[in-house]
Amino acid sequence: MSPRPSPRAHLRRSAAAGAVLALALGLCAAPAHAAPQHPFRDPSLPLQQRVDDLLGRLTLAEKVSWLHQYQPAVERLGIGLFKTGTEALHGIAWSTDVDNGGNVVTARGTVFPQAVGLASTWNPDLVEQVGEAVGTEARGYHAENPRVWGLQLWAPVVNLLRDPRWGRNEEGYSEDPLLTGAISTAYGRGIQGDDPDHLRAAPVLKHFMANNNEIRRDTTNSSIRPRVMHEYELPAFRTALANDAATGVMTAYNLVNGRPATVTDLNASVRRWTDRTLFNVSDAGGPNNLTGSQRYFATQPEAAAAMIKAGVDSFTVDDTRSAPTVASVNAALAQGLLTEADVDRAVRNILSVRFRLGEFDPDGGPYGKITKAVVDSPEHRRLNRRAATEAMVLLKNTGPEGPAAEGSGKPGALLPLDPAKKVAVIGPLADTLYTDWYSGALPYEVTPLDGIRERAAVTGATEGADRIALKAGGRYLTAPAGAGGDLRLAAATAGEAEQFDVFDWGQGIVTLRSVANGRYVSRANWSTLANTQEQPAGWFVQEQFKLESQGDGTVLLRYAGYETAEPWFGPNVYVRAAADGTLSLTTAENATRFTRETVRSGIAEAVAAAKSADTAVVVVGSMPFINGREAHDRTDLGLAEGQEALVEAVREANPNTVVVLENSYPTTIDRLAEKVPAVLWTTHAGAETGHALADILYGDANPAGRLTQTWPREGAELPDILDYDIVKTGSTYLYSKDEPLYAFGHGLSYTTFGYQGLKTRRGGDGFEVSVKVTNTGSRAGDEVVQLYTHQRSSRVRQPVRQLRGFERVHLAPGESKTVTFPLKTADLALWDVTRGRFAVEPSTHDVLVGSSSDRIRQRATLRVDGERIPARDLTRAVRAADFDDHSGAELVDETKASGDAVALSSGEWISFADVDLGRGATGATLGVAAAEAASVEVRTGSPAGRLLGTVRVAATGGVYRWSTATAALARAAGRQDVYLVARGDLRLKDAVLTR
């Protein structure tokens, strides 16, 4: 799912974070001896002519070598190395260094708010400016060292945020495909630039497709029924590509309908959405998964051939070593699995983007003169502050006495704050900024405390963390000062070297920061502990611990780094101190029992600070490397227990408490939100977080961020994270009927807005919807006007409401603006499974305009003409995957190359609605595959309805060995729902009923 090096390389990254290699100019340039001037170097020629000229000059061996991530230099043509994939999710993040064994090099440039925060602005124009800054800084780094900083950028992530527990929620934009498409198009367009023939940089969409879980992410199957595929999953990717705002896709790790995404046919999907040539890549390690964890192919040459034929042009695998890829492709050619024409097609796709990047232009193209001076420029800092400000979402704003003052802009609301009043700044994130796995390093930091101190008198500041000492056998756990080193039981008294600040991240996980040097305790040398880490980080986050209480008042210190969940780690996760005081890991029964002594109570210190001030601002939230991220889904959406207790204690001490929630995903803060008067949410927003927060808190900026996901209430039952059928499970704001804590699109303001005169009129290829919006308050501010529709009648289950348009508008007090939305009739189509195409049904549609999905301010209706979907005709073969309903059905691959089928186990079923049986169906023929004998019952009305007959299925010899099975049926006439109920395990590809 992610373009990542191996775990070994990730460990190298942790050690090398922040280091940028400065190579000599000669290493960065093309080979020294001059190459002759060939037509491919002439920018006046058409692109295709230049591509064909260069392709014709390459040998087969050279072309094959270019199918790996690191495309080697061709010195005889004066062509230097080309590297795919610089991470650029919300700023230039990191890349790998071919000259130093693939070590990761981290950028130190502009780190914008996390992707979900950028989307929370609901401002495509702003996001396009952010993309432009990212593309420009990519050019700056490339100018410094093109061997490290490639111009193909692996961003944005457009996977839909279907489930808030996804560990990578911070990387996506929204649970809605329209909003995701608008934001990704803006970001990609900004990265690319507006030159019709050249690219500033080349954005690649991640991760195609249906990738929204980390658990067993390389072997799980995302079962996507056709309606979910065509109405939900594909539009998120199609929008940016159709608008020429991306240059390719990265395939995901997971399987989609039983087939690895690495070999899902891109030629039948993404390449059809644009006239531009796309350069598609695999995710890191994906090619080897095909013969490894997925066991989909027996040999790597088979896998390589399938990838290339499926439309993957570049293999991201084996770190910097291209030899295995070259060997597998050459073997595929020798075995007749590939032809040179197949290789040419992939290389032609690669070259189309390399040429557009200006690589073969004498002057490097219109973006070739950008230098490293653009990185972290004053202009980008200003843009970063604006983005962080516009992304913040005001969730609640009442007076300290409760709901009497509820509502944006009403007198008595706690926010905005008065800068003349004293303030206490409290919490574990109050004076800390965190980056994430796809962040660069911060060139400077403005923390919440910094930003607030610039605006008001801070009378108290504390992280609210307990400071403890751990003692065993008369000695305290001791940490060295300076750069840190190994911990050991040593001192008889508890000075600073024996003290640790404890930070609670939820579900028992804590981090321990040494008072001796301000660094975090981590596992060192795979066994002992050391206080050496500036922040928790790395592929295996080794700064995680649990303090497990024992019945005798002591605690065990449990190491809880991510790798402890790996099967190879073993049972030794508890800390043991030897007689000489050195530490090691052992089992629970052999662990040392420590006495936990509280040197200072974090809550007591926070309460004292709160009491000293007129207002308390408590900054709580997540640590991005701990609270879910790549390879680790969340199992809980709650705020850490210790952090919630901190907020409650501060609120009790000072009713004027503002909670700033800084994390990357919906959080079940029901009880907290009931108790505190004001709650502001932000993602981890980069170096300007503190300035942006102060701008909002003190009213210099009026909050207008809006949620891009539904926030469920505590205790809400979420479906299995591996169940992608949002229609069946009633998931996301589209299909859920549950009352959320905060709805999709929610966000408050310091002013109020009125909506009047909603109008609809027919025109062109659809309708035009307009509404007048007026700032009825006393402050200037932005409103995000949102258009939703709901189809009242349909053959199928329709969304409760669906976003059809939005616009962020700025209005001065008393100012009005008429906002107009085009609404194409085709946009109201559904995927008709009976005919395998989109269709618009005749129906009345509710037109809903408001400030969020649950705050509709104006309503109207539209009568939409269309075509009635005919009754099902099962007298011709109907694909089993085109069912109308199911129980337990899983979509799987018909063959390894193409086609979907349905896998059923005993008692599971699929159904076809409104089947026209005419005067009576008398027989059934099913396309089946089964490892063992099974049967299918044909019933009407329900899975337990009238039994028309049973189709006996003999073993076919395997799931890809298809046969037909027939049976006579008791006569059933008219229009009825038909159910196919499995008895035993089998696969179905199609069904026919004879009359």
Side-chain angles (χ1 to χ4, degrees), residues 113-114 116-117 119-122 160-166 169-170 172-176 179 390-398 402-403 405-409 413-415 618 620-622 634 636-639 643-644 647 658-683 696 703-718 730-750 753 782-786 788 800-803 806 808 848 850-857:
Q114 291 175 311
V116 70
S120 298
T121 67
W122 291 62
L160 293 163
L161 304 184
R162 164 196 65 96
D163 193 304
R165 296 167 296 187
W166 186 33
N169 199 85
E170 66 202 31
Y173 290 132
S174 171
E175 68 186 45
D176 179 78
L179 180 57
E390 290 200 17
M392 292 190 179
V393 182
L394 183 60
L395 297 177
K396 179 184 179 183
N397 189 23
T398 67
E406 177 69 62
S408 56
L414 183 54
L415 294 176
V618 188
V620 293
S622 68
R634 277 172 288 279
D636 178 78
L637 293 177
L639 184 65
Q643 293 188 34
E644 187 161 347
V647 172
V658 180
V659 170
V660 178
L661 181 61
E662 187 176 334
N663 65 14
S664 318
Y665 49 89
T667 310
T668 49
I669 56 169
D670 306 49
R671 290 172 294 175
L672 180 153
E674 289 177 1
K675 294 176 181 178
V676 299
V679 183
L680 185 67
W681 177 75
T682 176
T683 58
I696 294 290
R706 301 290 185 263
L707 297 179
T708 67
Q709 285 178 276
T710 304
W711 284 38
R713 289 190 176 275
E714 186 175 8
E717 290 191 18
L718 297 176
S731 299
T732 76
Y733 87 96
L734 291 164
Y735 292 98
S736 176
K737 295 183 179 179
D738 295 338
E739 182 184 356
L741 176 62
Y742 297 114
F744 174 82
H746 172 77
L748 303 178
S749 172
Y750 294 154
F753 298 94
D782 291 3
E783 173 70 315
V784 179
V785 185
Q786 302 166 39
Y788 298 87
V800 176
R801 59 180 57 90
Q802 184 167 359
L803 184 69
F806 64 91
R808 181 166 173 152
L848 313 166
S851 56
S852 74
S853 62
D854 69 342
R855 197 173 185 188
I856 302 304
R857 309 291 296 279

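- Put simply, the side chain of Arg671 never gets that close to the backbone of Glu644: no donor and acceptor are under 3.5 Å apart.
- Evaluation of the side chain to side chain donor-acceptor pair (under 3.5 Å) rule for Arg634 yields no partner, not counting sequence neighbours.
- A donor-acceptor contact shorter than 3.5 Å links the side chain of Ser174 to the backbone of Thr708.
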Evaluation steps, side-chain contact (heavy atoms from CB on, under 4.5 Å), between Tyr173 and Leu179: CA-CA 8 Å; Tyr173 290 132; Leu179 180 57; over 6 Å; no

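- Although no hydrogens or angles enter the test, the distance criterion places no donor-acceptor pair under 3.5 Å between the side chain of Glu662 and the main chain of Val620.
- Residues satisfying the ring pair (Phe, Tyr, Trp, His ring centres under 6.0 Å) test with Trp122, not counting sequence neighbours, are Phe744, Phe806.
- One side chain, Gln114 or Ser664, offers a donor N or O that lies under 3.5 Å from an acceptor on the other.
- Scanning all heavy atoms of the two residues, the minimum distance from Pro666 to Pro712 falls at CB-CD, 4.0 Å.
- Side-chain atoms of Arg808 never come within 3.5 Å of backbone atoms of Asp782 as a donor-acceptor pair (strictly under, hydrogens ignored).
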Trace of the side-chain contact (heavy atoms from CB on, under 4.5 Å) decision for Leu672 with Val679: CA-CA 9 Å; Leu672 180 153; Val679 183; 4.3 Å; yes

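- Contact record, Asp176 with Tyr733: OD1-OH, 2.6 Å, taken as the closest heavy-atom pair.
- A side-chain donor-acceptor contact under 3.5 Å links Arg801 to the backbone of Ser853.
- Judged purely by atom type and a 3.5 angstrom limit, Gln802 has no side-chain atom pairing as donor or acceptor with the backbone of Leu734.
- Annotation for Asn169 and Pro164: closest pair OD1-CA, 3.9 Å, computed over non-hydrogen atoms.
- Counting only distance, with no hydrogens or angles, the side chain of Lys675 and the backbone of Val647 share no donor-acceptor pair below 3.5 Å.
- Closest approach of Leu748 and Leu395 over heavy atoms only: CD1-O, 3.6 Å.
- In this structure, Leu414 CG and Thr398 OG1 are separated by 7.5 Å, a value rounded to the nearest 0.5 Å.
- Counting only distance, with no hydrogens or angles, the side chain of Asn663 and the backbone of Ser622 share no donor-acceptor pair below 3.5 Å.
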Thr683 and Glu170: CA distance, side-chain angles, deciding distance, side-chain contact (heavy atoms from CB on, under 4.5 Å) verdict: CA-CA 8 Å; Thr683 58; Glu170 66 202 31; over 6 Å; no

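- Looking only at distances, no side-chain donor or acceptor of Tyr742 sits under 3.5 Å from a matching main-chain atom of Gly747.
- Side chains of Ser749 and Glu783: no donor on one and acceptor on the other come within 3.5 Å.
- Between Leu637 atom CG and Arg165 atom CZ the span is 7.5 Å, to the nearest 0.5 Å.
- For the residue pair Pro740 and Thr710, the shortest heavy atom distance occurs at CB-CG2, 3.5 Å.
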side-chain contact (heavy atoms from CB on, under 4.5 Å) evaluation trace for Tyr750 with Asn397: CA-CA 9 Å; Tyr750 294 154; Asn397 189 23; 3.9 Å; yes

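- For the atom pair CG of Asp636 and CD of Glu714, the computed distance is 8.5 Å after rounding to the nearest 0.5 Å.
- Residues passing the side chain to side chain donor-acceptor pair (under 3.5 Å) test with Ser852, sequence neighbours excluded: Asp854.
- Here the side chain of Thr667 pairs no donor or acceptor atom with the backbone of Ile669 at under 3.5 angstrom.
- How far CD of Glu674 is from NZ of Lys396: 7.5 Å, rounded to the nearest 0.5 Å.
- Closest non-hydrogen pair, Ser120 versus Ala391, comes out as CB-O, 3.6 Å.
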